[in-house]
Amino acid sequence: GRMVIGFGGDYADKRKLVALCLGLQAAGLMLLAGAGSVPLLAIFVMLFGTGFGGPIPLRTAIQAELFGLTSLGSIQGMVTLATTLGGLFGPIVAGGLVDVTGNYQAAFLVCAAITGFGIPLILAVPRP
């Protein structure tokens, strides 16, 4: 995902590519919520893996285009803080949902919804 989508960012709107990747992640998580077979898990891996890796080179490029290179370190620090907080609290919330429901389906669907919420947000970012 990083190589193909990162390369595509040189030729296409990076925001739309990130939105596509978020859609792939959300679709993969929804599939995972109902997956009951190995082939469905394999499709999840392809969708989610591509969607998860794809935005990594694009995010930094978008930040540099919008705010310049002199601000990139500070912005990366704030983004890293936000993702760290998500990494801290996400598993706690997901685990709570598993404890309440007895399975992972609701946790995966909530993750899919939160990921899908990012699509209009990235598309709302102004072009540099």
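A quick note: this is a predicted structure, and the numbers were derived from the prediction, not measured.
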For the student: nearest non-hydrogen atoms of Cys21 and Thr50, plus distance: SG-O, 4.3 Å
Might you point out which heavy atoms bring Met30 and Ala112 nearest each other, and give the distance in Å? CG-CB, 3.7 Å
Out of curiosity, Phe108 CZ to Phe48 CZ, how far, rounded to the nearest 0.5 Å? 9.5 Å
Under a 4.5 Å side-chain heavy-atom rule over Ile, Leu, Val, Met, Phe, Trp and Tyr, are Leu72 and Ile56 clustered together? no
Please say yes or no: joined through hydrophobic side-chain contacts below 4.5 Å, possibly via intermediate residues, are Val45 and Phe52 part of one cluster? yes
Rounded distance (nearest 0.5 Å) linking atom CG of Leu58 with atom NZ of Lys16: 14.0 Å
Can you see which heavy atom on Leu66 is nearest to which on Pro126, and at what distance? CD2-O, 3.3 Å
Considering all heavy atoms, the nearest Gln25-Gly51 contact: NE2-O, 2.8 Å
Please list, chain by chain and in numerical order, all residues satisfying side-chain contact (heavy atoms from CB on, under 4.5 Å) with Leu41, sequence neighbours excluded. Leu32, Ala35
Cluster overlap Val38 with Leu31, hydrophobic side-chain contacts below 4.5 Å: no
Value for OG1 (Thr80) from CD1 (Ile75), rounded to nearest 0.5 Å, stands at 11.5 Å
Report the distance from atom CD1 of Ile122 to atom CZ of Arg59, rounding to the nearest 0.5 Å. 10.0 Å
Is there a path of hydrophobic side-chain contacts, each under 4.5 Å between heavy atoms, that joins Phe67 and Leu121? no
Side-chain heavy atoms nearer than 4.5 Å, only ILVMFWY residues, links allowed to pass through others: does that put Val18 and Leu20 together? no
Look up atom CG in Leu29 and atom CG in Leu24, then write down how far apart they are to the nearest 0.5 Å. 11.0 Å
What residue among Glu65, Gln63, Arg15 forms side-chain contact (heavy atoms from CB on, under 4.5 Å) with Val125? Arg15
So which heavy atom on Ile5 is nearest to which on Leu17, and how close? O-CD1, 3.9 Å
May I ask you to decide if Pro57's main-chain N or O and Thr60's side chain share a donor-acceptor pair within less than 3.5 Å? no
To the closest 0.5 Å, what do you measure between CD1 (Ile114) and CG (Leu109)? 11.0 Å
